[in-house]
Amino acid sequence: MNKNKIYPRTGDTQTVYLKSVVTRPTIEVGDFTIYNDFVNNPRDFEKNNVLYQYPINNDRLIIGKFCSIACGAKFIFNCANHSLKSLSTYTFPLFFEEWDLPKAEVATAWDNKGDIVIGNDVWIGYDAVIMAGVTIGDGTIIGTRAVVTKDVAPYSIVGGVPAKEIRKRFTPEIIKRLQEIQWWNWPEEKIRESIQAIQSGDISAIDKL
């Protein structure tokens with residue numbers, strides 16, 4: 001893979017390799033992960049899809065390899081979480097100048113739930129929302145317009161508001177084997193030679209390689 005390549009397909013400017021277009025040091029993206037946007041310029045992913053990720057928090061968005069992120073998917077970070085410990089939901093500390101409050105206490109205006117971590121080979125559907133502090137396991141499918149508020153186990157299919165598990169993609173034995181082989185970490189040439197086996201849906205085809 002050309003590490004600076006932006007568009008995976010000739011003539012298609014709606015789909016980008018996300019790693020090549022992000023600039024924030026607080027966003028990490030693995031190789032071959034794609035983002036498609038038919039409404040906005042997909043190169044504006046940081047501006048349009050990664051929301052409330054203010055530098056004061058140092059919270060991170062970590063996305064693994066070979067993920068597929070559909071148009072409109074949003075990642076909502078901690079500054080959107082008005083503090084529930086307060087008797088009011090109004091963010092007084094954020095407007096410290098107006099209320100003569102210490103500037104150093106700005107971050108007390110919201111609850112910090114941590115980073116968003118997306119595993120490898122995850123498919124995030126159209127208009128899905130991933131909330132701060134959530135970890136999504138390898139191989140997961142997030143349904144269209146799902147709102148993910150809790151961690152998702154590997155190779156689960158989830159949907160709804162809030163998102164709940166619909167089913168597992170494979171048997172526990174196959175999931176365990178897929179997590180062992182971690183095909184996304186193979187050298188590019190081995191992946192290229194194994195695409196047919198990977199797409200077959202038959203784990204034994206991979207074990208025979």
task = Count the heavy atoms of every other residue, nucleotide or ligand shown that sit under 6.0 Å from CD of E180, and state whether that count exceeds 12.
result = yes

Query raised in the report: Counting distance only, does the side-chain N/O of T140 pair as donor-acceptor with the main-chain N or O of G137 below 3.5 Å?
Result: yes

In this structure, OG1 of T91 is separated from NE2 of H82 (nearest 0.5 Å) by 5.0 Å

### Message
Is it the case that the side chain of W186 and the backbone of I181 share a donor-acceptor pair, with hydrogens and angles ignored and the cut-off at 3.5 Å?
### Response
yes

For Y90, is there any backbone N or O sitting under 3.5 Å from a side-chain donor or acceptor partner on S88? yes

The single option from I34, V122, L18, I118 that satisfies side-chain contact (heavy atoms from CB on, under 4.5 Å) with I69 is L18

Task: Side-chain touch K85/D111, heavy atoms, less than 4.5 angstrom - done: yes

Please check if any side-chain donor atom of N78 sits under 3.5 Å from a side-chain acceptor atom of N57, or the reverse.
no

>> Quick one, V148 with M131, criterion side chain to side chain contact (heavy atoms under 4.5 Å, CB included). Give me CA distance, side-chain angles, the key distance, then yes/no.
In response: CA-CA 6 Å; V148 185; M131 299 302 292; over 6 Å; no

* Asked: Does a salt bridge link K65 with D121, judged by any charged N lying under 4.0 Å from a carboxylate O?
  -> no

- Report yes if some heavy atom in the side chain of L94 is under 4.5 Å from a heavy atom in the side chain of W110; otherwise report no. yes

- Query: Are more than 12 heavy atoms from other residues, nucleotides or ligands located less than 6.0 Å from atom NZ of K113?
  - Reply: no

- Do I206 and F170 belong together in a cluster built from hydrophobic side chains that touch within less than 4.5 Å? yes

Q. Counting distance only, does the side-chain N/O of R145 pair as donor-acceptor with the main-chain N or O of Y126 below 3.5 Å?
A. no

| query | Crowded around E189 CD? As in, over 12 foreign heavy atoms under 6.0 Å? | reply | yes

Item to check | Donor-acceptor contact below 3.5 Å, side chain T33 vs main chain G64 | outcome: yes

Fill in: Flag, side chain of S86 to backbone of T89, donor-acceptor distance under 3.5 Å
no

Q) Does Q53 reach the main-chain N or O of D59 with its side chain, forming a donor-acceptor pair under 3.5 Å? A) yes

Output for pair (T149 OG1, K164 NZ), nearest 0.5 Å, gives 9.5 Å

Closest non-hydrogen contact found for I166 with V158 is CD1-C, 4.0 Å

### Task
Without swapping roles, check the side chain of D115 against the backbone of V117 for a donor-acceptor pair under 3.5 Å.
no

*asked:* Do I198 and L178 land in one hydrophobic cluster if side-chain heavy atoms of ILVMFWY residues count as linked below 4.5 Å?
replied: yes

Determine whether V22 and F45 make a side-chain contact, defined as any pair of heavy atoms from C-beta on separated by less than 4.5 Å. yes

Is it the case that K74 and N48 place a side-chain donor and acceptor less than 3.5 Å from each other?
no

Problem set entry | Test item: D37 side-chain N/O and N40 main-chain N/O as donor-acceptor pair under 3.5 Å | yes

Rounded to the nearest 0.5 angstrom, the SG-OH distance for C79 and Y54 is 6.0 Å

inquiry  = With a 4.5 Å cut-off on side-chain heavy atoms, are F75 and I124 touching?
reply    = yes

Output for pair (L51 CG, I130 CD1), nearest 0.5 Å, gives 12.0 Å

Shortest non-hydrogen pair, P8 vs K5, comes out as O-NZ, 3.8 Å

Min side-chain heavy-atom separation I27-R24 under 4.5 Å
yes

What one should report as the nearest heavy-atom pair of G119 and C67 is O-SG, 3.0 Å

Inset, instruction - Any chance you could lay out the salt bridge (Lys or Arg N to Asp or Glu O under 4.0 Å) test for R192 and E188, step after step, and finish with the verdict? - result: CA-CA 6 Å; R192 194 182 309 277; E188 254 183 72; 3.7 Å; yes

Tell me, do R43 and Y7 make a side-chain contact under 4.5 Å, heavy atoms counted?
yes

Rounding to 0.5 Å, atoms CD1 (I76) and CD1 (I116) come to a distance of 7.5 Å

Closest heavy-atom pair, T108 versus E105, reported as atoms and distance to 0.1 Å, is OG1-O, 2.6 Å

Distance-only polar pair, side chains of T15 and N36, donor-acceptor under 3.5 Å: yes

(request) Could you walk me through whether E46 and T23 pass the side chain to side chain contact (heavy atoms under 4.5 Å, CB included) test, one step at a time? (result) CA-CA 8 Å; E46 290 172 319; T23 61; 2.9 Å; yes

Side-chain heavy atoms nearer than 4.5 Å, only ILVMFWY residues, links allowed to pass through others: does that put V16 and V50 together? yes

Partner of F66 under ring pair (Phe, Tyr, Trp, His ring centres under 6.0 Å), picked from W184, Y17, W183, is W183

Any heavy-atom pair between the side chains of Q179 and P154 that's under 4.5 Å? yes

Review point. Taking a hydrophobic cluster as the set of Ile, Leu, Val, Met, Phe, Trp and Tyr residues connected by side-chain heavy atoms closer than 4.5 Å, whether directly or through intermediates, do V152 and L61 fall within one such cluster?
Key: yes

When every non-hydrogen atom of G125 is compared with those of A70, the smallest separation belongs to C-CB, 3.5 Å

Checking N120 side chain against D138 main chain: does a donor-acceptor pair fall under 3.5 Å? no

For R169 and G139 the tightest heavy-atom approach is NH1-O, 2.8 Å

Quiz item: So, do I6 and V21 sit near enough that their side-chain heavy atoms are less than 4.5 Å apart?
Solution: yes

To the nearest 0.5 Å, atom CZ of F96 lies from atom CD of E98 at 11.5 Å

Single-linkage hydrophobic cluster I203~Y155, side-chain heavy atoms < 4.5 angstrom
yes

